[in-house]
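So you know, we letter chains A, B, ... as the sequences are listed, proteins then strands, and number each from 1.
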Number of protein chains: 2
Amino acid sequence: MSPRHTAAEAARTRQTILDCAVELASVHGVGGVSAGDIAARTGLSRAGVIGPFGTMDELRLAVLAVAASVFAEQVWQPVSGLPAGLPRLSAAVEAWVSYLGRRVFPGGCLMTTASIEFDALEGPVSDQARAMIDGWRTVLAADTEVAIRAGELDPSTDPDQVAFELYGIAMALNQAVVLLHDAAAPARARAAAARLLSNPPKPGPASETRGDPTDD
Amino acid sequence: MSPRHTAAEAARTRQTILDCAVELASVHGVGGVSAGDIAARTGLSRAGVIGPFGTMDELRLAVLAVAASVFAEQVWQPVSGLPAGLPRLSAAVEAWVSYLGRRVFPGGCLMTTASIEFDALEGPVSDQARAMIDGWRTVLAADTEVAIRAGELDPSTDPDQVAFELYGIAMALNQAVVLLHDAAAPARARAAAARLLSNPPKPGPASETRGDPTDD
DNA sequence: CCTACCGATCGGTAGG
DNA sequence: CCTACCGATCGGTAGG
């Protein structure tokens with residue numbers, strides 16, 4: 001505990017630790033975050049770093065929660081008010097590309113890093129990483145399905161296939177930006193995503209589905 | 001040194017260490033390989049593990065060399081004799097998908113893992129990881145360029161864009177197999193790659209390039 | 001390729 | 001939120 005300090009000061013200390021830990025995690029991996037590293041960068045003692053979280057694993061779970069909330073704030077919140085379906089899906093992809101291109105985390109997107117880092121491991125930290133990725137893929141697939149039903153995408157489109165491919169584009173972009181320092185990568189990602197999402201229904205014979213715009 | 005043993009025995013010991021290290025690296029990351037872990041699994045002492053390599057970093061470089069040679073053996077060697085261009089590119093992608101689907105490394109493709117693990121780090125180990133990935137992208141782009149010149153792909157095709165997207169498909173596949181245990185993932189990857197590589201030249205007016213099959 | 005060590009660092013606890 | 005510890009493990013070396 002911190003007998004000499006107010007609750008507000010304790011909360012600020014906690015946030016200082018988390019900010020530092022998130023930065024380290026994006027570079028060294030979530031499992032590569034150590035109390036000693038954070039202590040050296042924040043001026044706290046190692047015990048002062050671990051204290052507010054109890055154990056390092058709890059601190060790592062908190063790091064993933066921060067990563068998820070930053071991702072939501074940067075990618076999903078700006079577009080969540082748009083109409084469900086293709087408009088929102090396209091805008092989300094654009095926000096995603098922009099987020100990765102801006103390199104919000106110095107070592108690349110923490111969600112991507114964590115998904116590779118924990119893919120073969122088990123435990124609460126890897127469970128949370130898995131849930132984050134699965135949740136985002138579900139969001140992408142759901143809006144794809146709405147787009148299909150609204151007649152914005154061809155009925156032969158497979159929502160899970162779209163989510164699969166969008167994730168691949170994002171991972172390739174993350175790698176190109178962070179590993180290869182390729183400034184052209186965001187444009188490549190936009191081109192790939194645009195081709196994937198420009199698959200309007202083919203106007204075959206008697207192909208009028210539903211949602212006639214003249215309806216009332 | 002190993003005064004009581006022949007050179008052949010020393011080489012076998014070295015291989016035992018490497019095999020174990022590669023397996024651990026695919027699960028815990030190349031940086032997550034420790035001498036103690038390998039010692040416990042092989043029955044050797046920690047000093048016996050480090051000895052043949054000098055330092056752990058040298059051992060890690062050897063792990064990456066094994067990963068590269070396994071990748072070459074599984075993906076490139078089977079197709080390297082095919083005609084350059086689209087036939088070889090398509091066969092390489094199929095071999096790549098098959099390799100990832102078979103989960104040759106228990107924790108997923110070491111090249112993919114290493115590319116994320118080291119993307120923001122510097123040093124000889126990350127340099128070697130970078131060179132592996134860059135080399136493979138170059139191979140993919142080169143065969144794409146041959147395919148364009150041979151009239152197998154539309155001239156508007158960008159070889160680096162194709163390499164970028166193929167890498168994304170492979171990363172998405174690796175993630176789907178190892179993290180999400182999605183048995184349908186290889187089929188998804190094949191569908192995505194097929195769409196990417198089925199872009200024949202458009203027969204516009206006077207669009208006959210060169211390489212007329214009736215030539216002699 | 002072993003034992004026996006080295007200093008450094010790990011996560012975590014006790015007590016203030 | 002600090003100091004002062006705990007046992008365990010890290011990479012690496014010496015010497016046989």
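Counting only residues at least two apart or in different chains, side chain to side chain donor-acceptor pair (under 3.5 Å) contacts with residues 46-66 of chain B comprise Asp57(B)-Arg60(B).
Among residues two or more places apart in sequence or in another chain, the salt bridge (Lys or Arg N to Asp or Glu O under 4.0 Å) test is passed with Glu145(A) by Arg149(A). Not a single salt bridge (Lys or Arg N to Asp or Glu O under 4.0 Å) links Asp119(B) to another residue, sequence neighbours left out. Listed by chain and number, the residues in a side-chain contact (heavy atoms from CB on, under 4.5 Å) with Val79(A) are Trp76(A), Leu82(A), Arg88(A), Ala91(A), Ala92(A), Ala95(A) (sequence neighbours excluded). Every residue was checked against the salt bridge (Lys or Arg N to Asp or Glu O under 4.0 Å) condition with Glu152(A), not counting sequence neighbours, and none meets it. Applying the salt bridge (Lys or Arg N to Asp or Glu O under 4.0 Å) rule to Glu94(A) yields the partners Arg190(A); only residues at least two apart in sequence or on another chain are considered. Residues satisfying the side-chain contact (heavy atoms from CB on, under 4.5 Å) test with Thr112(A), not counting sequence neighbours, are Cys109(A), Met171(A), Asn174(A), Ile116(B). Residues passing the side chain to side chain donor-acceptor pair (under 3.5 Å) test with Arg195(A) are Glu165(B), sequence neighbours excluded. Under the rule for a side chain to side chain donor-acceptor pair (under 3.5 Å), Asp127(A) has no partner lying at least two apart in sequence or in another chain.
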## Note on the structure
Its contact letters, B for base, S for sugar-phosphate only and - for none at protein heavy atoms under 4.0 Å, make nucleotides 6-12 of chain D read ----SBB

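Distance CZ (Phe53(B)) to P (dT13(D)): 16 Å, rounded to an integer number of Å.
Of the residues in residues 14-32 of chain A, not one comes within less than 4.0 Å of DNA chain C through any heavy atom.
Within 6.0 Å of atom CZ in Arg102(B), more than 12 heavy atoms from other residues, nucleotides or ligands are found, so the atom counts as buried in its surroundings.
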### Task
Go ahead and write out DNA chain D as dot-bracket, 5' to 3': ( ) for pairs within the strand, [ ] for ones crossing earlier pairs, | when the partner sits on another strand, dots for unpaired; Watson-Crick or G-U wobble, both distances under 3.5 Å.
||||||||||||||||

